[in-house]
**Q** 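Have a look at the structure that comes next, please.
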Amino acid sequence: MTIDPRRLRVLRALADHGTVTAAAQALYLSPSAVSQQLAALETEAGQPLLERHGRNVRLTAPGAVLAAHATTIAAQLERAEADLAACAAGLAGEVVLAAYPTAITEIVAPAVAVLRRRTPQVAFQVKDAEGHASLRLLSDGDADVAVAVEHRETLSDGAAFGDSRLLREPLYAEPFDVVLPPGHRLLGADRVPLTELADDPWITPWPGNPVHDVVLHACVQAGFRPRVDSLSDDFRAVSALVANGAGVALVPRTALRGIELGGAVIRPLEGDRPTRRVFAAVRRGSRTHPLVELALAALHEESLDLVRRTGP
C-alpha cells in the first residue's frame with residue numbers, strides 16, 4: 001500500500017512533541033484524528049511505528065526511519081514552494097516573525113516598519129516568544145523567521161540548536177554590563193572588576209532563564225557564588241530594584257536601552273565579559289523564499305544599525 005505523505009506530517013509532529021495530545025495541538029487537530037492518522041500510517045507502512053511508555057509515545061526503529069524521511073519530504077516541499085514564489089511576478093503574502101521582547105524592541109519592530117514601507121502588499125506579523133520558544137514556533141510552522149539567543153557561557157539547547165531542519169544566521173553579539181545602585185563604592189570606576197562585587201546582594205532573572213545561568217557562571221568563574229536576594233525576568237523591575245538599593249545586576253547591554261534607570265548606573269565589566277549572540281533562524285527549505293529573504297535582509301540591516309548605536 002502507498003504511504004500517504006500527508007500522514008508523515010502527523011508522525012513528525014509526534015516525534016517532536018512526544019504525546020498525541022501535544023502533537024494534536026501543534027497540528028490543530030483532535031487527538032482522535034491524530035491517532036487515526038497514525039494507525040492508518042502504520043497499516044500503510046506494514047510495520048509498528050509507535051510504542052507506548054506511560055503517557056508518552058516513542059517511535060520504533062521503523063518509525064524513526066520514516067520520521068527522518070518525513071523531515072526530508074517537508075523540506076523539499078518548502079523548497080518547491082520557494083522556487084514557485086521566486087518565479088511569481090511581484091511579492092505578496094504574509095510573513096510571521098517570532099522573537100523575545102528585547103529583540104522585538106531593538107531590531108524586529110524597526111525591521112517590520114521598514115518592510116511595510118518597502119512592500120506594502122506584504123503582511124507582517126510578530127509573535128512574542130521568550131527563550132527558545134521562537135524556535136519551536138518555527139519548527140511547528142507557526143512562524144517563518146525566529147530570532148533567538150545563544151550565550152557563550154551556557155550549553156545550547158540540543159533540541160533547538162541541533163535541529164537539522166533549521167538554518168541559523170548570526171545577527172549581532174552584545175556583552176553583559178553591570179548595573180550599580182546610586183552611591184555604590186565602584187561608581188567611579190570606568191570598568192568594574194566582577195570580583196569586587198562578591199559581597200554585594202544580587203538581582204537576577206529566575207532559574208531557567210538563560211541570563212540567570214550566565215550571571216551565575218560568570219560569578220563562579222570570577223571565584224565566588226553570588227548571594228541572590230531578588231529574582232525577576234523583567235529588566236524594568238531589575239532596574240527599579242537596583243535603583244532602590246536592593247543589589248547589583250548583570251544584564252545584556254540592550255536590555256535596559258530606553259528604560260528609565262531611576263538613578264541606577266550602568267558600567268562595563270573589566271576583562272572577559274559574558275556575551276550573548278543573537279541569531280535569526282529559518283526552516284531549511286524556506287531559506288530562498290523571497291519573503292523570507294526580505295525579512296532576513298531587514299533584520300541584518302537593523303542589527304548593523306544597533307551595533308553602530310550601542311558600540312563594542
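Every value quoted in this text rests on a predicted model; they were computed, and no experiment measured them. Scope of the values below: all heavy atoms of this structure, side chains included, with no hydrogens, waters or symmetry mates.
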**Q** Within the side chain of Arg165, is there an N or O that forms a donor-acceptor pair under 3.5 Å with the backbone of Thr71?
**A**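 Checking the backbone N and O of Thr71 against the side chain of Arg165, no donor-acceptor pair under 3.5 Å is found.
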
**Q** Can a donor-acceptor pair be found, under 3.5 Å and without considering hydrogens, that links the side chain of Thr254 to the backbone of Pro252?
**A**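 Such a contact is absent between Thr254 side chain and Pro252 backbone.
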
**Q** Do Ser32 and Ser30 meet the criterion of a side-chain donor-acceptor pair at a distance under 3.5 Å?
**A**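 Yes, a side-chain donor-acceptor pair sits under 3.5 Å.
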
**Q** Quick one: do Val114 and Leu296 end up in the same hydrophobic cluster if we chain Ile, Leu, Val, Met, Phe, Trp and Tyr together by side-chain heavy atoms under 4.5 Å apart?
**A**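 Unlinked, Val114 and Leu296 end up in two clusters.
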
**Q** Ignoring hydrogens and geometry, is there a side-chain-to-backbone donor-acceptor pair from His212 to Pro205 under 3.5 Å?
**A**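 Between the backbone of Pro205 and the side chain of His212 there is a qualifying donor-acceptor contact (under 3.5 Å).
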
**Q** Ignoring hydrogens and angles, tell me if any N or O in the side chain of Ser232 forms a donor-acceptor pair with the backbone of Ala237 under 3.5 Å.
**A**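 Answer holds: no.
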
**Q** Please answer: with hydrophobic residues joined when any side-chain heavy atoms are less than 4.5 Å apart, are Val179 and Leu187 in the same cluster?
**A**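 Cluster IDs for Val179 and Leu187 match.
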
**Q** Check whether Glu44 reaches the backbone of Asp4 with its side chain - one donor and one acceptor, N or O, closer than 3.5 Å.
**A**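 Present.
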
**Q** Are the side chain of Ser286 and the backbone of His289 linked by a donor-acceptor contact shorter than 3.5 Å?
**A**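 Here the side-chain-to-backbone pair does not exist.
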
**Q** Once side chain to side chain contact (heavy atoms under 4.5 Å, CB included) is applied, do any residues pair with Arg267, and if so which ones, sequence neighbours excluded?
**A**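 If we apply the side chain to side chain contact (heavy atoms under 4.5 Å, CB included) test to Arg267, skipping adjacent residues, the hits are Leu180, Val192, Val265.
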
**Q** Is there a salt bridge (charged side-chain N to carboxylate O under 4.0 Å, His left out) between Arg283 and Glu81 once you walk through the steps?
**A** CA-CA 13 Å; Arg283 292 185 299 278; Glu81 292 172 356; over 6 Å; no

**Q** Is it true that, when you exclude Arg257 itself, more than 12 heavy atoms of the residues, nucleotides or ligands shown sit nearer than 6.0 Å to its CZ?
**A**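 Atom CZ in Arg257 is crowded, with more than 12 foreign heavy atoms closer than 6.0 Å.
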
**Q** Would Asp199 and Arg227 pass as an ion pair if we require N to O under 4.0 Å?
**A**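 No, Asp199 and Arg227 are not salt-bridged.
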
**Q** Ion pair present between Arg185 and Glu196, side-chain N to carboxylate O less than 4.0 angstrom?
**A**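 No salt bridge links Arg185 with Glu196.
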
**Q** Is it true that Glu174 and Arg277 make a salt bridge, defined as a side-chain N closer than 4.0 Å to a carboxylate O?
**A**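 Here Glu174 does not pair with Arg277 in a salt bridge, since their nearest N and O are not under 4.0 Å apart.
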
**Q** Strictly by modelled atom types, are His17 and Gln25 linked by a side-chain donor-acceptor pair under 3.5 Å?
**A**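 On atom types as modelled, these side chains do not qualify, holding no pair under 3.5 Å.
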
**Q** Who passes salt bridge (Lys or Arg N to Asp or Glu O under 4.0 Å) against Glu302, sequence neighbours left out?
**A**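 Once residues adjacent in sequence are excluded, Glu302 has no partner under the salt bridge (Lys or Arg N to Asp or Glu O under 4.0 Å) criterion.
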
**Q** Are more than 12 heavy atoms, taken from residues, nucleotides or ligands other than Arg6, located less than 6.0 Å from that residue's CZ atom?
**A**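 Not buried by this count: 12 neighbours or fewer within 6.0 Å.
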
**Q** Treating Lys127 as the side-chain partner and Leu137 as the backbone partner, does any N or O pair qualify as donor plus acceptor under 3.5 Å?
**A**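 No, because the side chain of Lys127 does not come within donor-acceptor range (under 3.5 Å) of the backbone of Leu137.
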
**Q** If we count only N and O atoms by modelled type, under 3.5 Å, do the side chains of His184 and Asp200 hold a donor and an acceptor together?
**A**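 Short answer, yes.
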
